[in-house]
Colleague: 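Before I ask anything, here is the structure I am working with.
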Amino acid sequence: MAESTTENLFREFYGASTFVEKRDIPKKFGFQSKRKGSTDDGFPDFFKDMGSWLIVVEAKSGEPGPRSDHAAALTDVRSYMINNAVPHTDVVGIAVSGQTLESLRVTHLLRKGDSDEIEELEGLQSLVSLEALSNHYAAAAIGDPLSDTQLRRFLRRLNERFHKDSRVRDTERSLFFSALMIALDDEPFRNVYKSISKPEDDRLVGARYLNDQIVEAVTRQLEKKINSESKQIDWRDRFAFVKTVDIPLDEYKEIIGEIDERVHQPSKRSVKRDILGRAYKIFLSRAGKMDNKNIILTPDHIKTFMVDLARLGRDDVVLDTCMGSGGFLMDAMEQLVDKAHGDEKVIDHIHEHQLIGLENDAILFALACSNMFLHGDGRSNLLYRDSLVTRGKSFTVAKRDEKFRDYIKSQKPTKCVINPPYENDNPINFTMSAIEYLEEGGRLVIIMPNNTLSKNANQKAALAILKRARLDFVIDMPQQLFFEQKRGVKTSIFGFTKTSNGHDHDALVTFVDMEDDGHEVQLAHGRRDIGRWGGIATNVQRAIRDGLEDCEARSWRTQIFDDAGRFLPRGVRQNPWPQTQSHDLDTAIADWQEARAVREEAQAAMAAVLSAAGIGGFDD
């Protein structure tokens, strides 16, 4: 009966008629019995023919035992993926176990045709829609149409074209790129931009009419949804700088065509989301401006990991009080939409009511709105304003902020995922404001300096937080996490649950040492996954969900109040696992910057030689 519960969860997620069940799977696919040595017919629990590839599914109860645990599901699904009559066809295998949707453990595997090798599909730790699964399959089997390397390379070349002759100011390049992306989503603009010609008056900027069309296209798209609680933003004014762009018209149209072909269209089929956030990071870091703003952009793998830690349910309302370019909300939107199983009414409700984002930086707010527009349009509750309603390290709300606090609370946010600015008292204040907004039982996942709760100056505020929320977990992050942004701040991810009972003094907190996140610094490429992140993330999520002390996850459990009632934010019991290898961050950054400078100088010299020879540029 326990296994049938798992099967029912799978049916309910995808719909009863989406997959063919064991008894109805056509024999022509030749699945063989999973019993060792048997040549009899056998059938997986669920099956779907996707045309050029297949899906097979094995469900187990998840109870301990060689025939019922998750390992058994993995063994059985692997057997069906290999032993069949269609060895030339790609097969995706799904191993699923557990008795509730919240505790379901899911592993997605891929066997390419004419191979017995099976690999795990990264970034999939839960059931996802067929559309999302198809995108991940295509990325693994064919190649992501917008790979990290291709996107980074294209954006760097684009940045150089924007930089040439000071065509676009460095601080406006990310917004300019977003304007072009939005305009390409506007049908009237697409219908006219290729036919625009130079003005007859030679005194006018050649691209004048094209600039006008871009600004009008962006305004048409973004002014459709305006939240009355947001500070007023005039989209024509925000993108007015576009009208000063002076790029030769033919080259300008060529640039827009390349963005369409190489980024805009592939982004519709890509598994990646925060494209404008990536562009922002590349454009500003290349211009040397990242240090001038107290903005630390969350690396993509940590962004998704934090949303996963929030454990979203379909009806959750997700809040980000310092949303930046909107990355957390886009990940959350994708997960919520997957849980809607294609129900358009539910999806519309998610877009309209279940995503709340606040941002006080005008450029980042414009990027977030642009990002949301390009990837599902969940902009109804994006607000351009300061989100802090508790200041001075207390839960006191000023009279002027009460109305806004009440508005956010009226939206009933149940999950909050944030990466606040780190200077001054911002991390502790953002923590308190988030807890103030959340519903009872709501969950806060926040990444901030790991000494935020332990600083002497924050002790009173930390104890006030623990009277209103329970600390569930603390995950220590790598020192090099923000290496690409030239930041050496040591951070942790904290997980809180808002509760009127506060944090019981004898409650155990799960601590995790994730100094090793499976990423390594590669000169001229920054930090890159070396193939271990998927397993690390899965182990840590399981340890936190189940409250485990686990060697693979490097997790341990401890109280944060000792027997005398003293508050010890780092836990009464210290890290029991061997210390991970340390890195000299400053040396690594210096080596990386030197290598990048040498590389860019060599490219510039080569470009000059090629140009002098009349050959033209080259790809890096």
Colleague: Heavy atoms, side chains only, cut-off 4.5 Å: are Gln213 and Tyr193 in contact?
Modeller: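 SC-SC contact between Gln213 and Tyr193 ruled out.
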Colleague: Set out, in order, the CA-CA distance, both residues' side-chain angles and the distance that settles side-chain hydrogen bond (donor to acceptor under 3.5 Å, both in side chains) for His264 and Asp185, then state yes or no.
Modeller: CA-CA 8 Å; His264 181 260; Asp185 241 40; 2.6 Å; yes
Colleague: Tell me if a side-chain donor or acceptor on Thr538 pairs with a main-chain N or O of Gly535 at a distance below 3.5 Å.
Modeller: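 Absent.
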Colleague: Give, for atom CD1 of Ile475 and atom CE of Met306, the distance between the pair rounded to the nearest 0.5 Å.
Modeller: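 Taking CD1 in Ile475 and CE in Met306, the distance rounds to 9.0 Å.
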Colleague: Kindly compute the distance separating CD1 (Ile356) from OG1 (Thr321), expressed to the nearest 0.5 Å.
Modeller: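 Here the interatomic distance stands at 11.0 Å.
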Colleague: I need the minimum non-hydrogen distance between Ser126 and His108, along with the two atoms involved.
Modeller: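 Smallest interatomic distance, heavy atoms only, reads O-CE1, 3.2 Å.
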Colleague: Mind running side chain to side chain contact (heavy atoms under 4.5 Å, CB included) on Tyr252 and Val245 for me, showing each step along the way?
Modeller: CA-CA 10 Å; Tyr252 202 166; Val245 172; 4.1 Å; yes
Colleague: Show, in sequence, the C-alpha distance, side-chain angles and deciding distance for Gln335 and Val128, and conclude whether the side chain to side chain contact (heavy atoms under 4.5 Å, CB included) test is met.
Modeller: CA-CA 8 Å; Gln335 289 193 21; Val128 297; over 6 Å; no
Colleague: For the residue pair Val346 and Arg314, establish whether any side-chain heavy-atom pair is separated by less than 4.5 Å.
Modeller: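 Side-chain contact under 4.5 Å: yes.
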Colleague: Is there a side chain to side chain contact (heavy atoms under 4.5 Å, CB included) between Asp476 and Met514 once you walk through the steps?
Modeller: CA-CA 5 Å; Asp476 289 340; Met514 199 197 276; over 6 Å; no
Colleague: Look only at the side chain of Lys253 and the backbone of Leu210, and say whether a donor-acceptor pair between them is shorter than 3.5 Å.
Modeller: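 Not a single qualifying donor-acceptor pair exists.
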Colleague: Under the side-chain hydrogen bond (donor to acceptor under 3.5 Å, both in side chains) rule, what do His163 and Arg173 come out as? Steps first, then yes or no, please.
Modeller: CA-CA 9 Å; His163 178 72; Arg173 288 173 198 165; 3.0 Å; yes
Colleague: Decide whether Asp316 and Gln354 meet the rule of one side-chain donor and one side-chain acceptor closer than 3.5 Å.
Modeller: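 Checked: Asp316/Gln354 side chains show no N/O donor-acceptor pair below 3.5 Å.
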Colleague: Compare every heavy atom of Ser195 with every heavy atom of Val192, then report the nearest pair and how far apart it is.
Modeller: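 Heavy atoms of Val192 and Ser195 come nearest at O-OG, 2.9 Å.
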Colleague: Quick check: does any side chain N or O of Thr491 sit under 3.5 Å from a backbone N or O of Asn450, one acting as donor and the other as acceptor?
Modeller: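 Flag not set: sc Thr491 to bb Asn450 has no pair under 3.5 Å.
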Colleague: Identify the two heavy atoms, one from Ala366 and one from Leu175, that lie closest to each other, and give their separation to 0.1 Å.
Modeller: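 Looking at all heavy atoms of both residues, the shortest contact is CB-CD2, 3.5 Å.
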Colleague: Using 30° and 60° as the class limits, which term best fits the ring planes of Trp533 and His519: parallel, tilted or perpendicular?
Modeller: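 It falls in the perpendicular class, over 60°.
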Colleague: Ion pair present between Lys345 and Asp348, side-chain N to carboxylate O less than 4.0 angstrom?
Modeller: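 Between Asp348 and Lys345 there is no salt bridge, as every charged N stays at least 4.0 Å from the carboxylate O atoms.
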Colleague: If you define the side chain from C-beta out and look only at heavy atoms, does anything of Leu319 sit under 4.5 Å from Leu358?
Modeller: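 Answer yes - side chains close enough.
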Colleague: If only atom types and distance count, is the side chain of Asp320 paired as donor or acceptor with the main-chain N or O of Gly326 below 3.5 Å?
Modeller: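 No; judged by distance alone, with no hydrogens or angles, the pair does not exist.
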Colleague: Are the side chain of Asn191 and the backbone N or O of Glu187 linked by a donor-acceptor pair below 3.5 Å?
Modeller: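 A pair under 3.5 Å: yes.
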Colleague: Using side-chain heavy atoms (C-beta onward) and a distance below 4.5 Å, is Glu131 in contact with His136?
Modeller: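 No, every pair of side-chain atoms sits at 4.5 Å or beyond.
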Colleague: Establish, from distance only, whether the side-chain atoms of Arg385 and Asn360 form a donor-acceptor pair under 3.5 Å.
Modeller: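 No, no side-chain donor-acceptor contact under 3.5 Å.
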Colleague: For the residue pair Tyr384 and Glu359, establish whether any side-chain heavy-atom pair is separated by less than 4.5 Å.
Modeller: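 Not in contact.
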Colleague: Is there a donor in the side chain of Asn381 and an acceptor in the side chain of Tyr407, or the other way round, less than 3.5 Å apart?
Modeller: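 Short answer, yes.
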Colleague: Can Arg161 and Glu258 be said to form a salt bridge (Lys or Arg N to Asp or Glu O under 4.0 Å), step by step?
Modeller: CA-CA 12 Å; Arg161 297 179 81 167; Glu258 288 183 3; 3.2 Å; yes
Colleague: Looking at Ile350 and Leu336, what are the two nearest heavy atoms and their distance?
Modeller: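 Taking every non-hydrogen atom into account, CD1-O, 3.3 Å.
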Colleague: With no hydrogens and no angle check, is any side-chain donor or acceptor of Arg167 less than 3.5 Å from a backbone partner on Phe162?
Modeller: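 No, Arg167 side chain to Phe162 backbone: no donor-acceptor pair under 3.5 Å.
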Colleague: For a quick test of reading the model, state the closest non-hydrogen atom pair linking Ala179 to Ile214 and the distance between them.
Modeller: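 Heavy atoms of Ala179 and Ile214 come nearest at CB-CG2, 4.1 Å.
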Colleague: Just by distance, with hydrogens left out, do Asp331 and Thr304 show a side-chain donor and acceptor under 3.5 Å apart?
Modeller: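 On atom types as modelled, these side chains qualify, holding a pair under 3.5 Å.
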Colleague: Is the shortest heavy-atom distance from the side chain of Phe305 to the side chain of Ile493 under 4.5 Å?
Modeller: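 Side chain of Phe305 against side chain of Ile493, heavy atoms only: contact under 4.5 Å found.
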Colleague: With salt bridge (Lys or Arg N to Asp or Glu O under 4.0 Å) as the test, would you mind laying out the steps for Asp516 and Arg532 before giving the verdict?
Modeller: CA-CA 10 Å; Asp516 177 9; Arg532 297 190 295 112; 2.9 Å; yes
Colleague: Determine whether a donor-acceptor pair (N or O, by modelled atom type, separation under 3.5 Å) exists between the side chain of Ser433 and the backbone of Val389.
Modeller: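 Checking the backbone N and O of Val389 against the side chain of Ser433, a donor-acceptor pair under 3.5 Å is found.
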Colleague: Does Ala310 offer a backbone N or O that forms a donor-acceptor pair with the side chain of Lys415 under 3.5 Å?
Modeller: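 Pair found, side chain donor or acceptor close to backbone of Ala310.
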Colleague: Report the C-alpha distance between Asp260 and Arg190 in whole Å, list the side-chain angles of each, state the deciding distance to 0.1 Å, and finish with yes or no for side chain to side chain contact (heavy atoms under 4.5 Å, CB included).
Modeller: CA-CA 10 Å; Asp260 190 26; Arg190 293 185 69 89; 2.9 Å; yes
Colleague: Output the distance between atom CD1 (Ile536) and atom CG (Asp529), rounded to the nearest 0.5 Å.
Modeller: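 If I round to the nearest 0.5 Å, the distance is 8.0 Å.
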Colleague: Can you confirm whether Glu515 sits close enough to Lys490 that some side-chain heavy atom of one is under 4.5 Å from a side-chain heavy atom of the other?
Modeller: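 They are in side-chain contact.
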Colleague: Could you tell me whether the side chain of Met333 reaches within less than 4.5 Å of the side chain of His351, counting heavy atoms only?
Modeller: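 In contact.
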Colleague: Ignoring hydrogens and angles, tell me if any N or O in the side chain of Tyr437 forms a donor-acceptor pair with the backbone of Ser387 under 3.5 Å.
Modeller: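 Indeed, once roles are kept as given, a pair shorter than 3.5 Å links the two residues.
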Colleague: Got a second to check how far Leu110's CG is from Trp53's CH2, nearest 0.5 Å?
Modeller: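 It comes to 9.0 Å.
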Colleague: If you take all heavy atoms of Lys339 and Gly313, which pair is closest and at what distance?
Modeller: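 Nearest heavy atoms, Lys339 then Gly313: CD-C, 4.0 Å.
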Colleague: Hey, is the main chain of Leu388 close enough, under 3.5 Å, to the side chain of Asp386 for a donor-acceptor pair?
Modeller: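 Checked: pair present.
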Colleague: How far does CG of Leu158 sit from CD of Glu160, to the nearest 0.5 angstrom?
Modeller: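 Interatomic distance, Leu158 CG to Glu160 CD, rounded to 0.5 Å: 10.0 Å.
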Colleague: My understanding is that only one of Val489, Thr298, Ile447 makes a side chain to side chain contact (heavy atoms under 4.5 Å, CB included) with Leu481; could you say which?
Modeller: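 So the option named by the test is Ile447.
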Colleague: Distance check, rounded to the nearest 0.5 Å: Asp401 atom CG versus Ile408 atom CD1?
Modeller: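 That separation rounds to 11.5 Å.
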Colleague: For Phe241, is the NZ or CZ atom of Arg169 found under 6.0 angstrom from the centre of its six-membered ring and inside 45 degrees of the ring axis?
Modeller: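 Not satisfied by the 6.0 Å and 45° rule.
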